[in-house]
Amino acid sequence: MSYSKNVHVSQHPLVRHKLSLLRDTATEPKKFRELIREISMLLGYEATNDLLTIETDVRTPLAIAKGCELADRIGLVPILRAGLGMVEGIWELMPGAEVWHIGLYRDHNTLQPVQYYNKLPVTPTVQVCLVLDPMLATGGSAVATIDILKKWGAKRIKFVGIIAAPEGIKLLSEAHPDVDIYLSAVDDHLTPHPIAESDPPQGYIVPGLGDAGDRQFGTG
Ligand code: PRP
Ligand code: URA
């Protein structure tokens, strides 16, 4: 299936290798967190390939070299909880970035996002926001977060996720066509409303990796 040009699915062998380990049900929380960190760093590298730069001069031991520095202030916006694990890897690439947390959880019955944390200051302090959440399922949490950031005044927003369902890509692209989406995989579908008690809960990505928050924090 092909998506619009704002959807970027990494084909990097390292990303694909690490994603396979991440999905594996045998992967323990410690290893799971390491993989989230590493994949995020690789996706962060891809998601920042068009950041604006300003030319600078750098004094080397021998001469003056032409250099550059990032022109924009960057904000990393993890969606709590699962987005937290994506911060560290990307922050290592951009230690000057600001981190602004948005707390949302999905209501189990409606799958609608419920906001519980937002401490954004009144006016925007960054020019580019990278919204971080490993799972783009229905897309409701990503859309709600980007709604918040746009109301705040953020001018340029990118979404960095690890696995998406087609439903989430559709909702996010339609609600915010100006937002580039960076992913390591687009999976098949979402689980339907359970019929039998043994059925998995509704709205999980298949094949996916299960509950990204629980697997990171050992709470499953
Ligand atoms: C998960 C995930 C996303 C959301 C994705 O969070 O981390 O934020 O679900 O689903 P959506 O695209 O259908 O909105 P969850 O609500 O499980 O909260 P948690 O990270 O605190 O466990
Ligand atoms: N949230 C998760 O953690 N996993 C999914 O598959 C969907 C939403």
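Keep in mind that this is a model prediction, so the values were computed, not measured. All ligand and atom numbering here is 1-based and tracks the order in the structure.
A salt bridge links K158 and D50; the closest N-O separation between the charged side-chain nitrogens and carboxylate oxygens is under 4.0 Å.
Listed by number with element, the atoms of ligand 2 under 4.0 Å from a non-hydrogen atom of G203 are 7 (C).
Contact annotation for atom 19 (P) of ligand 1: protein present (non-hydrogen atoms, distance under 4.0 Å). Distance check on atom 1 (C) of ligand 1: every protein heavy atom falls at or beyond the 4.0 Å cut-off.
Under 4.0 angstrom from ligand 1, the non-hydrogen atoms of T138 come from both its backbone and its side chain.
In this view, R106 satisfies the salt bridge (charged side-chain N to carboxylate O under 4.0 Å, His left out) rule with no residue, not counting sequence neighbours.
Here's the thing with L136: none of its N/O atoms is less than 3.5 angstrom from an N/O atom of ligand 1.
The single protein non-hydrogen atom nearest to atom 6 (O) of ligand 2 is I205 N, 2.8 Å, given as residue, atom name and distance.
In this structure, of A212, G210, G208, G220, the residue bringing a heavy atom nearest to atom 4 (N) of ligand 2 is G210. If you check each of D133, I79, I102 against atom 8 (O) of ligand 1, the one with the closest non-hydrogen atom is D133.
Heavy atoms of G203 come nearer than 4.0 angstrom to ligand 1 in no pair at all.
Ring geometry for H8 against Y182 counts as parallel: the plane angle stays under 30°, on a 0 to 90° scale with 60° as the upper cut.
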